[in-house]
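Working notes for the structure below.
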Amino acid sequence: QLAAFLSVPPSRVYAIGDNDNDRELIQSAGFGAAPENAVDEIKGKADLVVCDCGQGAVADFIEYLIMQISHE
């Protein structure tokens, strides 16, 4: 809803989540990620699986996004 309110296209919405409560978040994002220790259903819906939460999953995801954006 926030992306729509701000006129951000879904393709520019990025999300990371690890549990059932993140299902809608991952599905609504243009690109979703899950850490290695996420529940299997969430990993199955994610576009990318990054390292374990305890090893810096969010940082790993941000690094991936920076690499992708720098190649555009």
Side-chain angles (χ1 to χ4, degrees):
Q1 290 175 342
L2 179 60
F5 179 77
L6 296 173
S7 300
V8 175
S11 63
R12 289 295 191 194
V13 175
Y14 305 94
I16 185 168
D18 65 348
N19 216 323
D20 293 329
N21 64 316
D22 299 315
R23 183 183 308 111
E24 187 177 347
L25 175 72
I26 298 293
Q27 290 176 324
S28 297
F31 192 90
E36 286 178 348
N37 61 322
V39 296
D40 289 337
E41 181 183 354
I42 299 302
K43 287 193 292 189
K45 294 185 181 312
D47 300 295
L48 174 70
V49 176
V50 294
C51 68
D52 187 282
C53 284
Q55 297 175 335
V58 173
D60 202 15
F61 186 39
I62 291 169
E63 182 178 359
Y64 174 85
L65 293 174
I66 290 170
M67 295 301 295
Q68 295 302 308
I69 291 168
S70 69
H71 287 106
E72 287 184 357

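Not counting sequence neighbours, the partners of Lys43 by the salt bridge (charged side-chain N to carboxylate O under 4.0 Å, His left out) test are Asp40. Shown here are the ring-ring contact (aromatic ring centres under 6.0 Å, His included) partners of Tyr14, two or more places apart in sequence or in another chain: there are none.
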**Request:** Determine, step by step, whether Phe5 and Gln1 satisfy the side chain to side chain contact (heavy atoms under 4.5 Å, CB included) criterion, reporting the C-alpha distance in whole Å, the side-chain angles of both residues, the deciding distance to 0.1 Å, and the verdict.
**Result:** CA-CA 6 Å; Phe5 179 77; Gln1 290 175 342; over 6 Å; no
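One hydrophobic cluster, built from ILVMFWY side chains closer than 4.5 Å, cannot hold both Met67 and Ile69; they sit in different ones. Placement of Ile62 and Phe31 within a single hydrophobic cluster is found when ILVMFWY residues are connected by side-chain heavy-atom separations under 4.5 Å, directly or transitively. Cluster annotation: Ile66 is connected to Ile16 through the hydrophobic network of ILVMFWY side chains, with a link wherever side-chain heavy atoms come within less than 4.5 Å.
Applying the side-chain contact (heavy atoms from CB on, under 4.5 Å) test between Glu36 and each of Asp18, Asp60, Val49 identifies Val49 as the sole match.
For CD of Glu41, the number of neighbouring non-hydrogen atoms (other residues, nucleotides, ligands) closer than 6.0 Å is greater than 12. Other residues, nucleotides and ligands place more than 12 heavy atoms under 6.0 Å from the CD atom of Gln68.
Side-chain atoms of Asp52 come within 3.5 Å of backbone N or O of Gly54 as a donor-acceptor pair.
The closest side-chain heavy-atom distance from Val50 to Tyr64 is not below 4.5 Å. A heavy-atom distance below 4.5 Å is found between the side chains of Ile26 and Ile42.
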